[in-house]
Protein chains: 2
Amino acid sequence: MENKQKIRDILNAAGLRPTRQRLDLGVLLFTGEDRHLTAEMLRDDAFANNIRISLATIYNTLHQFTEAGLLREVAVSGAKTYFDTNTGDHHHFHLEDGNTVLDIAHGELKVEGIPTPPEGMEVSQIDIVVHLRSSKSD
Amino acid sequence: MENKQKIRDILNAAGLRPTRQRLDLGVLLFTGEDRHLTAEMLRDDAFANNIRISLATIYNTLHQFTEAGLLREVAVSGAKTYFDTNTGDHHHFHLEDGNTVLDIAHGELKVEGIPTPPEGMEVSQIDIVVHLRSSKSD
DNA sequence: GTGTTTGCAAAGTGTTTGCAATTTA
DNA sequence: TAAATTGCAAACACTTTGCAAACAC
């Protein structure tokens, strides 16, 4: 499977040992479309693909990948932490069901007038979450 | 104490019975400056003011106030839920220490180009969090 | 009095940690 | 083989819930 080799390269570049678990998760995360997922979603996905990985390792791996710049943590709302495989500059829709996060295409949304941070502080990131509710008018 | 009467009016208007706990918390929340706080911060604040209230009631009250439109829930990051006594249209700074949330004055920041929500959805709220880190260059 | 609210303790989520066993280089 | 990684179970932080006692109207 050529996917595995690609992931192996990514891990090497990030200085992470290509263990079975990291390779398997890497394939799930970095093959195909960009995704937003929680630790639990990834665990379920792994299970569905007959990959046995403990939740602790899922968490470890997600954080290592994030530290290596392969993922981006997204704080949308509530208790769960989402990880985004799209590390580029973009923002998010968050659905009221509390379980769905979608990308807003880069450029579709812009901030105007970044406010001056308080003394001794600087902006490290700007997160915009557009909360959505269903517009049923029945 | 005239504060108590003001809070009593607010509670009445919101259809909430003016119980001792709701009055006391109301005074803490709606007297003086706008605040951002977690349930635990409010509990500590209450204790410091010799007000005995269980954490369960703090949570209940925060949610009831939020539902009544007296507070606004702010999802900045991490596990804790912040409640903002400023229910107006504004956004937030979030400090890297993970414990401080500050208002960005209304108008200092604007979104340009609100993206089209997916089919059947409509925008219910836009949250902007400007994450800050200390700019120490020592 | 009657329905609402409170407070406790217990249960529930989502996440992290300690550490022995396993795997990688 | 030495160092890094895994997995389990236990610990954790934050929040919610069930229900009897207390309270507001």
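So you know, we letter chains A, B, ... as the sequences are listed, proteins then strands, and number each from 1. Quantities reported herein were computed from a predicted structural model and do not represent experimental measurements.
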Result block: side-chain N/O donor-acceptor pairs under 3.5 angstrom for residues 37-45 of chain B, not counting sequence neighbours:
residue	atom	partner	partner atom	Å
B:Thr38	OG1	B:Met41	N	3.1
B:Asp45	OD1	B:Asn49	ND2	3.1
B:Asp45	OD2	B:Arg35	NH1	2.7
B:Asp45	OD2	B:Arg35	NH2	3.1

Return a table of donor-acceptor pairs under 3.5 angstrom between the side chains of residues 119-127 of chain B and protein atoms on other chains or two or more places apart.
residue	atom	partner	partner atom	Å
B:Glu122	OE2	A:Arg133	NE	2.8
B:Ser124	OG	A:His131	O	3.3
B:Asp127	OD2	A:His131	NE2	3.1

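Using cut-offs of 30° and 60° on the angle between ring planes, the pair B:His92 and B:His36 is perpendicular.
The strand DNA chain D forms stems, runs of 3 or more Watson-Crick or G-U wobble pairs with distances below 3.5 Å, at C:1-25 with D:1-25.
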Where protein sits on nucleotides 13-25 of chain D, one letter per nucleotide: B base, S sugar-phosphate only, - none, heavy atoms under 4.0 Å: -SBBB------BS
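As judged by a 4.0 angstrom heavy-atom cut-off over every strand, A:Arg52 is placed among residues touching the sugar-phosphate backbone only.
For CG of A:Leu55, the number of neighbouring non-hydrogen atoms (other residues, nucleotides, ligands) closer than 6.0 Å is greater than 12.
Atoms CD1 (A:Ile58) and C1' (C:dT16) sit 15 Å apart, rounded to a whole Å. For the pair B:Leu62 CG and C:dT6 C1', the interatomic distance rounds to 15 Å; values are reported in whole Å. Between the CG atom of A:Asn99 and the P atom of C:dT13 there is a distance of 13 Å, rounded to whole Å. Atom CG of A:Asp24 is separated from atom P of C:dT24 by 11 Å (rounded to the nearest Å). To the nearest angstrom, C1' of C:dT5 lies 13 Å from CG of B:Leu23. Rounding to whole angstrom units, CG of residue A:Leu11 and C1' of D:dT5 are separated by 13 Å.
The list of salt bridge (charged side-chain N to carboxylate O under 4.0 Å, His left out) pairs with a residue in residues 76-96 of chain A, not counting sequence neighbours, is empty.
A:His63 places no side-chain N or O within donor-acceptor distance of the main-chain N or O of A:Thr61, the cut-off being under 3.5 Å.
For A:Ser54, a side-chain nitrogen or oxygen approaches OP1 or OP2 of D:dG7 to under 4.0 Å. In this model, the phosphate group of D:dG7 is approached by a side-chain N or O of A:Gln21 to a distance below 4.0 Å at OP1 or OP2.
The side-chain contact (heavy atoms from CB on, under 4.5 Å) search around B:Arg8 returns B:Gln5, B:Asn12, B:Pro18, B:Leu23, not counting sequence neighbours.
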B:Ile7/B:Phe30 under side chain to side chain contact (heavy atoms under 4.5 Å, CB included): CA gap, chis, key distance, verdict: CA-CA 8 Å; B:Ile7 304 301; B:Phe30 307 122; 4.0 Å; yes
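Considering all non-hydrogen atoms of both residues, A:Pro117 and B:Leu132 come closest at CB-CD2, 3.8 Å.
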